[in-house]
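See structure below.
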Amino acid sequence: MKMIGVVGARPNFMKMAALLNAVDAHNKQKKEPKISSLLVHTGQHYDEKMSDIFFRMLQIPSPDINLEVGSGSHAVQTAEIMKKFEPVLLEHRPDLVVVVGDVNSTIACALVAAKLGIKVAHVEAGLRSFDRTMPEEINRVLTDAISDLLLTSERGAEENLLKEGIAKEKIYFVGNTMIDTLLKHKRNADQSKILSQLGCVEKEYAVLTLHRPSNVDDPALLKEIFGALNEITKKIKVVFPIHPRTKKEIERNGIALSEKIVLCEPLGYLDFLKLVSSARFVLTDSGGIQEETTVLGVPCLTIRENTERPSTLTDGTNTLVGTDREKIVKESFAILNGATRAHRLPELWDGKAGERVIDVLTRYFSK
Ligand code: UD1
């Protein structure tokens, strides 16, 4: 079975690492069919700290092919990926293309493969925010519509897919590959020296990540969010590994940040894991971090009106606070005042999702 795995942006790397580990284990155990895999990086993320560092830390082999598309508008970026991915498929003719997550690289490569009649497997299928102003939601809906195998990370995803008319036989609940990688590296991450490097003491700081265009490209909203943060820093220090896009917008709009916001470059995987697991709480608009905090048992306030990952709300430690200044401050202070809540691991977030994905794929191709 010849497969091509696709990565493009930061959150893809952790998911693909779990799959590549499972492919290795499958081949080492001499299970049939033997899998040969090629890794394609579209180059959507290209900064050392947004990309290369993850390959080293997660011990993923360097990509076999890098399409080097870089940044651009959605149309330009998606089109560039498609133009450069098509010749790769024509040359290598894989049986299967595996895409993960919901970034532009995901839909671009799924679409090229589907049109060439190559089977597509989508890992992390069926997540829905029901908010079509989010580019990722468009990417999710479209990728799922053209995939042959839909591998879901949480129970509710299947229902979303069935409602969109996707046949039940295509859907497999396998669990969360991002959590495989977290559980595998947690011990290693504990050795990270990031706390002392940033002058932080366990549980005496919060972590912020913010990069969604809907939050950072609107100057009024960005001011509102940092108004809340400056208020929060009166009670606790906030560490902010800053995404390149957000950095540009803060500088462009001259937004004043409190001195107690500790800015740093985007962190590598192990440092970030350590930083989050030792934090008092996390403020974020990321998708994956909502899941990681749930597993680490760290309270998470999500600066969005909705989430495509509802199990982090029902089972986990996540609360949606939207972008309203007062609400963000109120929920942060509640945590600082000792508010706690019961939480548990969502179903099948057990470190074995990658294995289950490979099992599904090989059974499919053995038929
Ligand atoms: C992308 C994903 C988003 C994911 C995020 C993780 C889409 C539509 N969005 O958003 O779902 O949560 O990755 O980070 O695919 N830039 C750099 N260096 C880089 C990469 C980006 O400077 O290595 C800057 C560029 O100015 C670029 C901007 O960041 O224009 C945005 O990058 P892009 O890949 O378009 O989207 P993200 O906001 O990173």
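Note that the numbering runs from 1 along the sequence shown for the chain. All ligand and atom numbering here is 1-based and tracks the order in the structure.
Atom 2 (C) of ligand 1 has as its closest protein heavy atom Val103 CG1, 3.6 Å. Shortest contact from atom 34 (O) of ligand 1 to any protein heavy atom: Gln44 NE2, 3.2 Å. Remark: minimum distance from atom 25 (C) of ligand 1 to any protein heavy atom is reached at Ser71 OG, 3.3 Å. The protein atom (non-hydrogen) at minimum distance from atom 8 (C) of ligand 1 is Asn104 OD1, 3.3 Å. The closest protein non-hydrogen atom to atom 12 (O) of ligand 1 is His211 NE2, 2.9 Å. When only non-hydrogen protein atoms are considered, atom 3 (C) of ligand 1 lies nearest to Glu136 OE2, 3.2 Å. Residue, atom and distance of the protein heavy atom nearest to atom 26 (O) of ligand 1 are Lys248 NZ, 2.4 Å.
An N or O contact shorter than 3.5 Å links Arg245 to ligand 1 by distance.
Using modelled atom types, one finds no donor on one side chain facing an acceptor on the other under 3.5 Å when comparing Asn176 with Ser153. With hydrogens and angles left out, the side-chain atoms of Arg304 and Asn306 include a donor and acceptor closer than 3.5 Å. When only modelled atom types and interatomic distance are considered, Asp285 and Asn215 share a side-chain donor-acceptor pair under 3.5 Å.
Heavy-atom separations between Lys49 and ligand 1 are all 4.0 Å or longer.
A salt bridge links Glu331 with Lys327: the closest approach of a Lys/Arg side-chain nitrogen to an acidic carboxylate oxygen falls below 4.0 angstrom.
At a heavy-atom distance under 4.0 Å, atoms from both the backbone and the side chain of His45 approach ligand 1. With a 4.0 Å cut-off on non-hydrogen atoms, Ser51 does not touch ligand 1 at all.
The only option from Phe54, Tyr46, Phe13 that meets the ring-ring contact (aromatic ring centres under 6.0 Å, His included) definition with His41 turns out to be Phe13.
Within the listing of ligand 1, atoms 23 (O) sit less than 4.0 angstrom from a heavy atom of Met50. The atoms of ligand 1 that sit less than 4.0 Å from any heavy atom of Gln77 are 34 (O), 35 (O). The contact set between ligand 1 and His74, taken as ligand atoms under 4.0 Å from a residue heavy atom, comprises 8 (C). Listed by number with element, the atoms of ligand 1 under 4.0 angstrom from any heavy atom of His243 are 14 (O), 29 (O), 37 (P), 38 (O), 39 (O).
Going from atom CD1 of Ile107 over to atom CD of Glu136 covers 13.0 Å, rounded to the nearest 0.5 Å. A distance of 7.5 Å separates OG of Ser51 from CG of Asn66, quoted to the nearest 0.5 Å. With rounding to the nearest 0.5 angstrom, the CZ atom of Phe55 is 7.5 Å from the OG atom of Ser62.
Atom NZ of Lys2 is surrounded by more than 12 heavy atoms from other residues, nucleotides or ligands within 6.0 Å.
Atom 6 (C) of ligand 1 has its nearest heavy-atom neighbour, among Pro11, Ala9, Pro244, Ser286, in Pro11.
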